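Just below is one structure, and these are the notes that go with it.
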Amino acid sequence: MAATGGAYIFTTPITFLLLLISVALAEDHSHGISSYLVRGSSVTIEGTTTTAILVSPNGAFACGFYRVATNAFTFSIWFNGSAAKTIAWTANRDEPVNGRGSRLTFRKDGGLALLDYNGTAVWSTNTTATRASHTELLDTGNLVIRDPDGRSLWRSFDSPTDTLLPSQPMTRNVQLVSASARGLLYSGFYTLYFDNDNQLKLMYNGPEVSSIYWPDPFNKEWVNQRTTYNSSRHAILDQTGQFVSSDQLKFEASDLGDKVLRRLTLDYDGNLRLYSLNTASGNWSVSWMAFHRVCNIHGLCGKNSLCKYNFPKILPQKIYIPKLKCSCLEGFEVIDASNWSKGCRRKASKTANWNKQRRQKANITANEDFSFKKLAETDFYGYDFAYKDLVSISKCRHMCLDNADCQAFAYRQGTGECYPKVYLFNGKNFPHPQNDIYLKVLNGDMSSSKLASSVTHGCKVHEKEVNVSSQMLKDGSSKFKFGYFLSSALTLLFIEVILITAGCWVVYKWGRRPEITDEGYMIISSQFRIFSYKELQKATNWFQEMLGSGGSGEVYKGVLDDERKVAVKKLNDVIQGEQEFRSELSVIGRVYHMNLVRIWGFCVEKTHKLLVSEFVENGSLDRVLFDYQSISPVLPWGQRYNIALGVAKGLAYLHHECLEWIVHCDVKPENILLDKDFEPKIADFGLVKLLNRGSSALMLSSVHGTRGYIAPEWALNLPITGKADVYSYGVVLLELVKGVRVSSWMVEGEEGVEMAVRCSTEILKEKLEAEDQSWLQDFVDHRLDGEFNHSQAIMLLKIAVSCVEEERRRRPSMSHVVETLLSLVD
Ligand SMILES: *[C@@H]1O[C@H](CO)[C@@H](O)[C@H](O)[C@H]1NC(C)=O
Ligand SMILES: *[C@@H]1O[C@H](CO)[C@@H](O)[C@H](O)[C@H]1NC(C)=O
Ligand SMILES: *[C@@H]1O[C@H](CO)[C@@H](O)[C@H](O)[C@H]1NC(C)=O
Ligand SMILES: *[C@@H]1O[C@H](CO)[C@@H](O)[C@H](O)[C@H]1NC(C)=O
Ligand SMILES: *[C@@H]1O[C@H](CO)[C@@H](O)[C@H](O)[C@H]1NC(C)=O
Ligand SMILES: *[C@@H]1O[C@H](CO)[C@@H](O)[C@H](O)[C@H]1NC(C)=O
Ligand SMILES: *[C@@H]1O[C@H](CO)[C@@H](O)[C@H](O)[C@H]1NC(C)=O
Ligand SMILES: *[C@@H]1O[C@H](CO)[C@@H](O)[C@H](O)[C@H]1NC(C)=O
């Protein structure tokens, strides 16, 4: 009875009877393995496989010898129901024991210990010389040593490794430490802990540097919605999937509810993820995670390298799970391609030269020997040896040249902020459109001569500059003209043809998008259900009240049994099979944000394919904004600004924050709905993919955007990213301010609405730069009778102009737009 797999349990005669009883008690629940181990027992590992010693009464957890390598074992607790035995806790994560002759022993003195084959105690509990009587694996996954009265003397919950289980408290004495790599148990560099300021934080604690990266170290705690004033330092994940911490951090699983096995794990990549177990398949799904923009995690790419997101190259994709990609800076090479955390080093031939030169530089400021290579929209976190604002770029250059250790400097046009840096860590794309890095490179270096020449070009432009603002304007306008010329020609010639091709690609490719990420987990939806056709017939009273009919189908009003008002959309041209339709919708259904129309579910029965979403009272923006018959009152300025802000928030969420990033592709006033308080909600996101609009060019272009709102890269056949939505958003902003639909902007002699947008923004750009701003009165919607906030209007127009830049790199990210707009909220 005591033989279980490769392990044998020996007990002293005194405790043998007790063991028998306890095994018998637990047996009916646990398929033969007890949940108890009594004092005096000893289990020896004699096998080559993972072997359970104890199983929790509910069968959810097991603990025993876990095989980490051919002949290396740990004493661990794992989820019995997961396909790959997922470890929840390990006693000896950094010191595995031998597969032959190692023992787990519950010593007669009361201590539970793990002994290696030669008798060395690799791990033991502090219960020596106590009344400890038995060890028990509880249903929660907690391994507890108790005395005869049932009091617990030691709990595995008090010393977690990288995983927190529901009901396991996170306290001031507890920290989670990530594993070092995927599939390994060894301690890695990431830590979740309560810091001295009472906030729960994530820290990268690498061999060379350490830094805190969560919550966002750039923000004050109130911006991060944390508090430093509650010193109880206690956090807990409850059984329903809600996490609450004393520093006011709160989050919840997207599949909220009990009866789900969950774990909160600090993964090897420094991301904190909440997982739910699918008991049928044994696979895990992610139901929350701390970072959607993983490049914000420190240490992933090591030093002298850049973290980027790996977007698909050819395909326009609206829904994607971005993966990070590390790359060395020019002139550097990767130290260990299998372990990017080591980063990059200067290419071998150059090191000596660089150091020699550097030593000389310390005394002789022969600055001509260096030049700077510009990396646009990039930043490295920290390691600034100085900071100055309102300085010119050449001043900043000199600060870097004057310091022999300076590797690069960051410079922000506009504010003239200068950050010279001595180390280059945590490099990433920085969404601030005017934050550039200038990398210091040595001219004399043979192999970098090519590099240096391209750099010189960049420098010359800046050297001419006299002060910050004039340089900025010059740079901007020359780029603009080039882009203008290039794209108008291309747009007019190719737009329709290429739209068809792009469209076909999308429709073809999307049916094949995998549901599971490379990391092997699925991301799950919440409170999202399937409706029957009957149910929807009843709810809409046999499709009586039509709310509208747009590119994606007819929309009817309905009321569900629970009195929720809904909009039911009949999707007529869905080409996909039922299974694909379901999986696509489960992506859309998990998206939840105040400025996005909530999808409640769908119905798929035979030919019927319907989408059920929340009912939004005030209809779409175009009806209110372009209502020249004045049926509804004129949209006042405050509401327009709020709509601009809300739409930006919704798009920022789609682009960077939801579990899978989504590009909308059809941002226009028709798809912006207004609720009873005129709060905007974006509709039809992620929908494009489901529909087949036939093969005519007209139909295709109506799916993949609407003329006047589509970004030039559609015509240039570039991959479509969130920046395409930024463009459309810019057009909507202009409409909001002008109160005139983009299609009516065309003046005589102009061909196409694209041209009209180009022309009006160019004119607008000049006006915005002018001293005299009296044109504004005339520009802003006349129906407002001059009742608008002057600085907000200027701000909206400036943002709009930058959003419709030809070159998408120059367009701001939606999160940057949100920040800017928030700065002017009254
Ligand atoms: C543990 O899981 C296996 C399948 O993975 C199952 O056969 C076994 O019954 C489970 N044990 C308990 C005690 O539930
Ligand atoms: C037992 O083996 C381990 C590793 O093989 C070694 O570090 C330790 O010193 C040994 N202990 C004794 C008592 O021999
Ligand atoms: C063992 O240590 C834990 C915390 O590390 C403590 O809570 C517990 O009281 C200790 N047990 C004994 C018997 O000292
Ligand atoms: C501090 O946090 C704890 C745990 O979340 C909570 O019970 C307590 O009320 C908080 N105290 C204050 C002063 O907010
Ligand atoms: C990666 O490199 C670091 C040293 O920078 C080392 O500590 C770590 O163990 C390595 N990880 C792997 C998986 O080799
Ligand atoms: C700089 O040069 C002076 C003499 O010119 C010398 O005394 C000093 O040590 C040098 N400093 C460094 C850092 O080499
Ligand atoms: C920038 O330069 C121009 C002309 O050289 C000058 O008129 C202007 O005052 C300067 N601005 C600042 C902020 O120095
Ligand atoms: C579970 O995940 C594995 C790999 O991640 C996958 O191959 C398998 O199909 C999944 N099983 C189910 C039922 O989803």
Side-chain angles (χ1 to χ4, degrees), residues 44-45 68-75 92-103 105 113-124 162 164 166-174 177-191 194-195 197-200 203-211 221-222 225-238 242-252 266-270 297-305 307 324 326 328 332-345 423-426 519:
T44 305
I45 170 113
V68 281
T70 318
N71 196 33
F73 286 77
T74 56
F75 177 59
N92 56 324
R93 66 190 300 197
D94 293 316
E95 240 181 307
V97 294
N98 198 293
R100 295 220 160 256
S102 298
R103 275 183 302 151
T105 169
L114 182 65
L115 309 181
D116 208 343
Y117 67 102
N118 59 8
T120 313
V122 164
W123 169 85
S124 62
D162 62 353
L164 209 63
S167 82
Q168 177 174 9
M170 181 87 204
T171 64
R172 64 180 64 232
N173 302 318
V174 161
V177 175
S178 70
S180 61
R182 188 195 306 197
L184 290 186
L185 295 183
Y186 290 101
S187 307
F189 297 136
Y190 297 100
T191 310
F194 272 109
D195 204 350
D197 67 358
N198 302 319
Q199 291 191 77
L200 199 56
M203 176 170 63
Y204 169 70
N205 195 2
E208 288 177 75
V209 295
S210 67
S211 53
E221 66 266 15
W222 56 87
Q225 301 184 338
R226 302 283 192 97
T227 177
T228 55
Y229 298 120
N230 189 330
S231 56
S232 59
R233 297 194 201 168
H234 185 274
I236 198 157
L237 175 69
D238 72 10
Q242 271 178 313
F243 185 90
V244 182
S245 165
S246 57
D247 67 357
Q248 290 180 355
L249 167 70
K250 277 195 186 102
F251 61 80
E252 59 184 44
L266 179 55
D267 284 319
Y268 69 95
D269 61 0
I297 298 172
H298 287 180
L300 287 176
C301 290
K303 62 186 177 228
N304 301 319
S305 71
C307 177
L324 73 84
C326 300
C328 290
F332 289 81
E333 63 189 0
V334 64
I335 293 172
D336 177 357
S338 66
N339 185 352
W340 269 96
S341 70
K342 292 180 184 167
C344 306
R345 61 174 164 234
Y423 290 108
L424 301 178
F425 274 108
N426 305 316
E519 303 294 317

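As the structure lists them, so they are numbered: ligands from 1, and atoms in each ligand from 1. All values below come from the heavy atoms of this structure, side chains included, with hydrogens, waters and symmetry mates left out. Note that the coordinates shown come from a computational prediction; the quantities given were computed from them, not determined experimentally.
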(request) Evaluate the 4.0 Å heavy atom contact test for atom 11 (N) of ligand 4: does a protein atom fall under the cut-off? (result) yes
(request) Could you tell me whether atom 7 (O) of ligand 2 has a protein heavy atom closer than 4.0 Å? (result) no
(request) Using the side-chain hydrogen bond (donor to acceptor under 3.5 Å, both in side chains) rule, take Asn173 and Thr171 through it: C-alpha gap first, then chi angles, then the decisive distance, then the call. (result) CA-CA 5 Å; Asn173 302 318; Thr171 64; 4.7 Å; no
(message) Geometry only, no angles: is His234 polar-contacting ligand 4 at N/O separations under 3.5 Å?
(response) no
(request) Give yes or no for whether the N/O distance cutoff of 3.5 Å, strictly under, is met between Ser232 and ligand 4. (result) yes
(request) Within a distance under 4.0 Å of any heavy atom of Asn118, pick out the atoms of ligand 2 and give their elements. (result) 1 (C), 2 (O), 3 (C), 8 (C), 10 (C), 11 (N), 12 (C), 14 (O)
(request) Please say whether Asn339 places an N or O atom under 3.5 Å from an N or O atom belonging to ligand 5. (result) yes
(message) Surrounding CD of Gln225 (heavy atoms of other residues, nucleotides or ligands, distance under 6.0 Å), is the total greater than 12?
(response)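 No.
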(message) More than 12 heavy atoms of other residues, nucleotides or ligands under 6.0 Å from OH of Tyr423: yes or no?
(response) no
Can you tell me the protein heavy atom closest to [atom] and the distance?
atom: atom 9 (O) of ligand 4; value: Asn230 ND2, 4.7 Å
atom: atom 13 (C) of ligand 2; value: Thr120 OG1, 3.6 Å
atom: atom 5 (O) of ligand 2; value: Tyr117 OH, 3.5 Å

(message) Which label fits Phe75 and Trp123: parallel for a plane angle under 30°, tilted from 30 to 60°, or perpendicular past 60°?
(response) tilted
(request) I would like to know whether His298 and Ser211 meet side-chain hydrogen bond (donor to acceptor under 3.5 Å, both in side chains); could you show each step before the answer? (result) CA-CA 7 Å; His298 287 180; Ser211 53; 2.6 Å; yes
(message) Could you tell me, atom by atom, which parts of ligand 5 come under 4.0 Å of a heavy atom of Pro207?
(response)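 Every atom of ligand 5 under 4.0 Å from some heavy atom of Pro207: 5 (O).
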(message) At less than 4.0 angstrom from any non-hydrogen atom of Ala181, what atoms of ligand 5 do you find?
(response)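 It comes down to these atoms of ligand 5: 13 (C).
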(request) Provide the closest heavy-atom pair for Glu95 versus Val122 in the form atom of the first, atom of the second, distance. (result) O-CG1, 3.4 Å
(request) Write down the atom of Thr74, the atom of Leu185, and the distance for their closest heavy-atom approach. (result) OG1-CD1, 3.8 Å
(request) State if Tyr186 counts as touching ligand 5 under the rule of any non-hydrogen atom under 4.0 Å. (result)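 Contact absent.
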(request) Taking the side chain as every heavy atom from C-beta outward, state whether Pro96 and Tyr186 have any pair of such atoms under 4.5 Å apart. (result)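 Yes, close enough: below the 4.5 Å cut-off.
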(message) If we set the cut-off at 4.0 Å for heavy atoms, which region of Phe189 has an atom near ligand 5: side chain, backbone, both, or neither?
(response)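 Phe189 to ligand 5: side-chain contact only, backbone stays beyond 4.0 Å.
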